[in-house]
Amino acid sequence: MLGPSAQQRRIVTPEGVALTVELAPRGDRAAALLIDLLIIVIALALLTLLVFLIIAASFGRGGGWMLSFILIAAFLLRSFYFVYFELRWQGTTPGKRKMGLRVIDRAGGPLRTDAVFARNLMREVEVFMPIAFLFGAEAGDLFSWLALIWALVFVLLPFFNKDRLRAGDIVAGTWVVTAPKAVLLSDLADPKVALRPLGSARPDGIAFTAEQLAIYGIYELQTLESVLRGTGPDIGETRAAVADRIQRKIGWIDPAAGGRRAEPKVFLEAFYGALRQHLETRMLFGVRRKDKHDKR
Amino acid sequence: MANDLLKSYSFRREREQDWRALEAMVAKTDTGGLKALSADEVMRLPGLYRATISSLSVARSISLDRNVVQFLEGLAVRAYFCVYGTRTGLMEALSAFFGVGFPQAVRDARRSIAVSGFVFALGIFAGFQMTAGNEDWFYTFVGTDMAGGRDPSASTDFLRAVLFDEPDSLESLNLFASFLFSNNARVGMLCFALGFAFGVPVLLLLINNGLMLGAFLALYHGRGLLGDLSGWLLIHGVTELLAVVLCGGAGMLLGQALAFPGRHTRMANLAIQGRLAARIVLGAVAMFFLAALLEGFGRQLINDTGTRALVAGTTAVLWAFYFIRVGRRRRHGDDR
């Protein structure tokens, strides 16, 4: 089971199931923001070029129109870019998608439209106003120093709280999370073994007594799973070492070969299947043995 | 299944197809949003999502296969984003906002906005009285760059000329309007941001702007030009001053949310009131845009005080109608 780590948070879906989400690293969020800003700047540059060409084609009339058009287009673009994408793509923008991030509602419900508006309005205050201040302020003025400190507080806000919320997230009630993709690998249990009826012997002849299966717990089982699923050049040696250790610990001797040990992989798969079956049956009765030190 | 030894294996075998189908759908929405799915798939999506969520609950209690549990957790989270993401597009959201959201937000926050309006009016009154008494107060209230030569040392003719000059070209009007818009919008958003500091800076900002305005009024009143100045200001001023008061109200709302959280925690209350305040400020930004257009074009093109007053009066009536009548929910039992 995944235990909650420092950067995981629980949301309870409307169906009543608790899902664990992982908060996005701050560096990833900054990178996503930079990518988005880059896209906005490029779009604006292309737009300027286009307008310039149109002006040039009409022999230079309307230069004032061009500048004010650019100003207004810049404002609209930077205001509505984020809102448009976060609405259309369910809480993600091109930059965020590149980094694998998403915006979700903190309470576990649907992401509301005015939450999207609110968090992007705050970005105006956090990011663009400090930039404007930096470019427009006179040095040494008390007001501009205060403004700089104010801007710094906003920019560094994600570092000052454990949920990594920036001011926009606080106001809108959202989190920015990553959603890692997991791949479904095939089941390690052998179908011939897993689906055989109660009371029949294992087809490969490897058997374990109840005492031998009672030694290990869930943690060891899942470690064994990662060994069996592992890949790499020296996985064969690892498996051999693990098989050896287990056989020593539980005191298992291969009955068929007269002292000759069975193949590591075959042994480990058989042991895995038997141990899993044993632990899952006990789990159905409510006993969850965490590891070999757990005294249940 | 009753005879099988490894129940988790059978459980997975039964449900794996549904999980694979959901995974394929979610992968499609990753690249294209919900629109990438066909109609059939959209119909199946909630059912598959619920089946996966229930599989996750079952797997957590009966399966020790870590890979399956991790996979289901990840899939459930991704499907949750799809199913519970936002469902409106930008245009719908905007029309819902201006049709219902914004006027209703203003009505909901009317007490804060009233306080903000009162404080602003107080500033104007104080500025007017003090400058009317002694014109030197003008220099305290209005900075030299804002005044632009229009101060007590200027002649009456110069002051009158500012109110009625002809524009040299249409293009410079455009530039002026867009500059004003971004400047005023920034002030409005500053009010919203300052609300974080318990609303005190918002009050100061309102009083400050009120004093400036009052000083200007007193200056022109002293030269007998008050009527003309009113026309010059109010043609866009009705819209703009209303927007300033709304932003001040939004800032006060935030300050109150932090200072008096009531039943919720401060953070939760801030989130609730923050969404309301954000709606007000967004609408106010749109109003600043309109005011800038009126100021840039209307003011310099229309040179007659009477016409200016007419336009100002019309905007006042329109805004009153908008905020009082538009977007009201029908009351229960109305037979309209």
Side-chain angles (χ1 to χ4, degrees), chain A residues 1-2 13 15 17 19-21 62-65 67-68 71-72 75 83-84 87-91 102 104 109-111 113-118 121 124-125 129 132 170-173 179-185 187-189 194-198 218 221-222 225 229 276-277 279-280 283-284, chain B residues 3-10 12 19 33-34 50 53 56-57 60-71 73-78 80-82 84-86 88-90 93 101 169 171-172 174-175 177-179 181-182 186 189-190 192-193 196 267 270-271 274-275 278-279 281-282:
Chain A
M1 286 299 138
L2 294 171
T13 68
E15 290 81 24
V17 174
L19 292 180
T20 312
V21 290
W65 285 101
L67 195 54
S68 51
L71 274 176
I72 294 186
F75 184 84
V83 171
Y84 174 72
L87 282 180
R88 190 147 172 258
W89 286 354
Q90 271 87 43
R102 271 240 193 213
I104 60 168
L111 183 64
T113 327
D114 51 351
V116 173
F117 278 134
L121 180 67
E124 192 59 40
V125 167
M129 239 185 252
I170 295 177
V171 163
K181 290 184 196 179
V183 177
L184 185 63
L185 303 167
D187 202 321
L188 283 176
L195 296 179
R196 70 185 201 276
L198 265 171
I218 293 177
L221 177 71
Q222 294 186 334
E225 180 188 336
R229 290 200 198 276
R276 183 165 140 193
Q277 177 194 321
L279 288 174
E280 281 185 2
M283 219 158 74
L284 285 176
Chain B
N3 279 340
D4 299 331
L5 284 171
L6 207 52
K7 298 212 182 311
S8 59
Y9 186 87
S10 328
R12 171 180 166 155
W19 306 342
L34 275 180
R50 295 220 174 87
I53 286 269
L56 174 62
S57 297
R60 278 173 177 165
S61 23
I62 74 162
S63 173
L64 288 175
D65 189 341
R66 189 169 57 183
N67 180 256
V68 166
V69 177
Q70 271 179 331
F71 169 74
E73 298 255 6
L75 183 60
V77 168
R78 287 165 62 208
Y80 165 78
F81 293 153
C82 277
Y84 288 105
T86 52
T88 51
L90 183 59
S169 73
E171 296 169 6
S172 60
N174 232 323
L175 191 56
S178 48
F179 171 73
F181 163 60
S182 37
R186 202 174 299 148
M189 288 190 262
L190 193 61
F192 180 72
F196 266 99
M267 291 284 279
L270 191 56
R275 284 198 278 257
R279 263 181 268 161
V281 172
L282 270 170

Problem - Side chain to side chain, B:R78 and A:R102, heavy atoms closer than 4.5 Å - result: no
Completion exercise
If one checks every heavy atom of A:A115 against chain B at 4.5 Å, the contacting part turns out to be both
Practice task
Say whether, by atom type as modelled, one donor and one acceptor occur between the side chain of A:E225 and the main chain of B:N67 under 3.5 angstrom.
Solution key: yes
Problem - B:L75 versus chain A, the contacting section by heavy-atom distance below 4.5 Å - result: neither
Problem - Engaged part of B:F81 at the chain A interface, taking heavy atoms whose separation is under 4.5 Å - result: both
Practice task
Applying side-chain contact (heavy atoms from CB on, under 4.5 Å), name anything that partners B:L282, two or more places apart in sequence or on another chain.
Solution key: A:F117, A:L121, B:F97
Problem - Spacing of CE belonging to A:M283 relative to CG belonging to B:L64, to within rounding of 0.5 Å - result: 4.0 Å
Practice task
Could you tell me which portion of A:R276 (side chain, backbone, both or neither) has an atom closer than 4.5 angstrom to a non-hydrogen atom of chain B?
Solution key: both
Practice task
With a 4.5 angstrom heavy-atom cut-off, could you sort out which part of A:L87 is near chain B: side chain, backbone, both or neither?
Solution key: both
Handout entry: Salt bridge present between B:K7 and A:E280 (N-O < 4.0 angstrom)
Key = no
Practice task
Select, from A:L279, A:I104, A:L184, the one with the greatest count of heavy-atom pairs under 4.5 Å involving chain B.
Solution key: A:L184
